[in-house]
Amino acid sequence: MDEKIMINKTKKAVQAHNNASPDLFLYSLMDFEFIYDEKEETVTLVVPITDVMYNQLGYIHGGIMAYIADTAMGHLCAAFNNEPSVTLELKTQFIKTATSGTLTAKASFIRKGGHVQFVECTIHNDKAQLLNKITGTFYSQGKA
């Protein structure tokens, strides 16, 4: 891990947080790129794999994968249900891992309800190989 790069990324993330930017600390630290598809009602989250994601075995930590999926699905609910939502439940299937490249998480609705949304997310590597499949249940908090 390059100490200078991490220090600069951390400083940038702190500035984003302190400026009340929608680019939250971890979003900035992990270089999240959000893509919203209004026609398909999907959110795609593109994330470069970096050293900060690894567990002690040198693979991406499962909690990081769950965080990426939860973030993509939460943004989906907020963007296309027009209400902030909270996660009620997640089920994560770890199929394969990656050690370099880019992760692409794509979230879509299984079913949009009044207050409860059923959502799924797949995470692929840059070779289009499926790494994770995550389903979640989200609860709408009402209009912000």
Side-chain angles (χ1 to χ4, degrees), residues 1-113 116-141 144:
M1 181 180 300
D2 186 308
E3 183 177 354
K4 287 182 181 181
I5 290 173
M6 287 308 301
I7 288 170
N8 287 336
K9 287 175 69 78
T10 302
K11 285 180 180 179
K12 179 183 168 195
V14 168
Q15 288 172 345
H17 176 80
N18 288 340
N19 292 335
S21 165
D23 193 15
L24 299 177
F25 180 84
L26 284 177
Y27 297 2
S28 180
L29 185 68
M30 296 173 71
D31 295 319
F32 282 10
E33 176 190 347
F34 293 93
I35 303 164
Y36 298 87
D37 184 330
E38 293 183 29
K39 182 179 178 187
E40 297 292 323
E41 283 195 342
T42 62
V43 170
T44 301
L45 178 51
V46 180
V47 185
I49 298 171
T50 63
D51 292 347
V52 74
M53 298 176 168
Y54 299 141
N55 62 20
Q56 68 275 18
L57 300 175
Y59 300 117
I60 300 171
H61 190 285
I64 297 291
M65 299 300 267
Y67 175 69
I68 290 168
D70 184 56
T71 300
M73 292 187 291
H75 276 251
L76 176 79
C77 292
F80 299 112
N81 212 27
N82 299 316
E83 295 181 346
S85 298
V86 295
T87 309
L88 294 176
E89 153 298 313
L90 290 177
K91 178 183 186 286
T92 305
Q93 296 173 303
F94 299 101
I95 299 163
K96 190 175 173 82
T97 191
T99 56
S100 64
T102 302
L103 302 172
T104 301
K106 186 172 184 178
S108 59
F109 289 106
I110 296 170
R111 182 176 186 281
K112 286 170 64 173
V116 178
Q117 293 81 47
F118 299 93
V119 183
E120 67 182 353
C121 182
T122 56
I123 301 177
H124 291 81
N125 62 15
D126 45 11
K127 297 175 186 166
Q129 297 170 318
L130 180 64
L131 305 180
N132 300 96
K133 183 166 184 167
I134 303 94
T135 56
T137 308
F138 288 75
Y139 181 78
S140 294
Q141 294 288 280

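Below, each value reflects all heavy atoms present in this structure, side chains not excepted, and no hydrogens, waters or symmetry copies.
Checked against side chain to side chain donor-acceptor pair (under 3.5 Å), Thr10 has no partners two or more places apart in sequence or in another chain. Every residue meeting the side chain to side chain contact (heavy atoms under 4.5 Å, CB included) condition with Thr50, not counting sequence neighbours, appears here in chain and number order: Val52, Met53. In this structure, the side chain to side chain contact (heavy atoms under 4.5 Å, CB included) partners of Lys127, at least two apart in sequence or on a different chain, are Asn125, Gln129.
Atom NE2 of His61 sits in a sparse spot, with 12 or fewer heavy atoms from other residues, nucleotides or ligands closer than 6.0 Å. Summarising the local packing, OH of Tyr59 is surrounded by 12 or fewer heavy atoms from other residues, nucleotides or ligands at distances under 6.0 Å.
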Side chains of residues 91-112: which donor-acceptor partners sit under 3.5 Å, not counting sequence neighbours?
from: Lys112; atom 1: NZ; to: Glu41; atom 2: OE1; distance (Å): 3.4
from: Lys112; atom 1: NZ; to: Glu41; atom 2: OE2; distance (Å): 3.3
from: Lys112; atom 1: NZ; to: Phe80; atom 2: O; distance (Å): 2.8

I'd like a table of donor-acceptor pairs (distance under 3.5 Å, sequence neighbours excluded) in which one partner is a side-chain atom from residues 133-140, with atom names and distances.
from: Thr137; atom 1: OG1; to: Glu89; atom 2: OE1; distance (Å): 2.7
from: Ser140; atom 1: OG; to: Asn81; atom 2: ND2; distance (Å): 3.0
from: Ser140; atom 1: OG; to: Glu83; atom 2: OE1; distance (Å): 3.3
from: Ser140; atom 1: OG; to: Gln117; atom 2: OE1; distance (Å): 3.3
from: Ser140; atom 1: OG; to: Gln117; atom 2: NE2; distance (Å): 3.0

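For His124 against Thr122, the heavy-atom pair with the smallest separation is CE1-OG1, 3.5 Å. Contact between Met65 and Ile123 at its shortest, heavy atoms only, is O-CD1, 3.6 Å.
Between Phe34 and Tyr36, the two ring planes are parallel [angle under 30°; tilted spans 30° to 60°].
Between atom CG of residue Leu45 and atom CD1 of residue Ile68 there is a gap of 6.5 Å, rounded to the nearest 0.5 Å. Note that the NE2 atom of His75 and the CD1 atom of Ile35 stand 13.0 Å from one another [nearest 0.5 Å].
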- Item | Verdict with reasoning, Tyr54 to Ile64, per side chain to side chain contact (heavy atoms under 4.5 Å, CB included) | CA-CA 9 Å; Tyr54 299 141; Ile64 297 291; over 6 Å; no
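Residue pairs meeting the salt bridge (Lys or Arg N to Asp or Glu O under 4.0 Å) criterion with at least one partner in residues 61-70, sequence neighbours excluded, do not occur; the list is empty.
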